[in-house]
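Atoms within each ligand, like the ligands themselves, are counted from 1 in listed order. Position 1 is the first residue of the sequence, and the numbers go up from there.
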Amino acid sequence: MRRAVCPGSFDPIHNGHLEVIARAAGLFDEVIVAVSTNYAKQYRFALEERIDMARETLASLKGIVVEPVGDGLLAEYCRQRGVSAIVKGLRSSSDFDYELPMATMNRQLSGVETVFLPAEAHYLHLSSTLIKEVFTLGGSVSDFVPRSVLKRLHAGGSASETPPRG
Ligand code: ADP
């Protein structure tokens, strides 16, 4: 069983993410869409809602599991789950500059490889941040996100994450 992980915050999931996840599903037996939370970041959608949107959108694709990635190291998560590759979409050379040291570190920490897929030309300009900005300023984002995400954007999104107590 060749298992890969597509990690990200997916706040919200958009068509560029979906395209890369679908391509990963064609290369591996199982793809885990691992939804992360960084407590230093403000999210538009709470973790549960980001997971729900990914599940709703990916329901028709086989071999895809959506789950929270948790707080620890991605390398450790991969080791525990028997993941052989982290799949990342690359939009630009700045994505590559950002990703390369992480890929090398992850391989040194747990032996997991990182596979880079060049982003589809139509989606090179897409990021969750830009989509939220366009939407907030009244622009149409219906070409960039799946229907269930569009609905939730119109509904306003849930509260941002709050750090765990304790
Ligand atoms: P962001 O969209 O802000 O980068 P994420 O952390 O949710 O947010 O992205 C998760 C991963 O999805 C990224 O590391 C990248 O590999 C991939 N990705 C993001 N946007 C695109 C895109 N437009 N095309 C292809 N892959 C993308």
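Residue L126 touches ligand 1 through backbone and side chain together, judged by heavy-atom distances below 4.0 Å. Residue H14 touches ligand 1 through its side chain alone, judged by heavy-atom distances below 4.0 Å. If you look at E19 next to ligand 1, there are no close heavy atoms at all, none under 4.0 Å.
Considering both main-chain and side-chain atoms, S9 comes within under 3.5 Å of ligand 1 through a nitrogen or oxygen pair. In terms of polar-atom proximity, L90 is not counted as a contact of ligand 1, lacking any N or O under 3.5 Å from an N or O of the ligand.
With ligand atoms numbered from 1 in the order given, ligand 1 contributes 25 (C), 26 (N) to contacts under 4.0 Å with heavy atoms of V20. Counting atoms of ligand 1 from 1 in the listed order, those under 4.0 Å from a heavy atom of G8 are 6 (O), 7 (O), 10 (C). The distance from ligand 1 to the heavy atoms of F10 drops below 4.0 Å at these ligand atoms: 7 (O). Distances below 4.0 Å separate heavy atoms of E99 from the following atoms of ligand 1: 14 (O). When each atom of ligand 1 is checked for a heavy atom of Y123 under 4.0 Å away, the hits are 22 (C), 23 (N).
Once rounded to the nearest 0.5 Å, the distance linking OG1 of T104 with CG of L109 reads 10.5 Å.
Each of V35, T37, I51 was evaluated against P68; a single residue qualifies, I51, per the side-chain contact (heavy atoms from CB on, under 4.5 Å) test.
Between the side chain of R44 and the main chain of K132, no donor-acceptor pair closer than 3.5 Å is present.
Looking from atom 12 (O) of ligand 1 to the surrounding protein, the closest heavy atom is H17 CD2, 3.2 Å. At the shortest separation from atom 11 (C) of ligand 1 among protein heavy atoms lies P7 O, 3.7 Å. In this structure, atom 15 (C) of ligand 1 lies nearest to the protein heavy atom G89 O, 3.4 Å. Nearest non-hydrogen protein atom to atom 3 (O) of ligand 1 is S128 N, 4.0 Å. Shortest contact from atom 4 (O) of ligand 1 to any protein heavy atom: R91 NH2, 2.9 Å. With respect to atom 24 (N) of ligand 1, the closest heavy atom belonging to the protein is A119 CB, 3.5 Å.
With a 6.0 Å cutoff to the six-membered ring centre and a 45° limit on the axis angle, R50 counts as a cation-pi contact of Y43.
Under 3.5 Å, the side chains of S127 and T129 contain no donor-acceptor pair of N or O atoms.
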Side chain to side chain contact (heavy atoms under 4.5 Å, CB included) assessment of V87 paired with V31: CA-CA 9 Å; V87 177; V31 173; over 6 Å; no
Chi angles and distances behind the side chain to side chain contact (heavy atoms under 4.5 Å, CB included) call for V5, F28: CA-CA 10 Å; V5 67; F28 293 88; over 6 Å; no
D52/F45 under side chain to side chain contact (heavy atoms under 4.5 Å, CB included): CA gap, chis, key distance, verdict: CA-CA 10 Å; D52 286 348; F45 296 99; over 6 Å; no
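Within the 4.5 Å cutoff, the side chain of E99 has heavy atoms near those of the L90 side chain.
In this structure, H17 has its ring center at least 6.0 angstrom away from the ring center of Y123.
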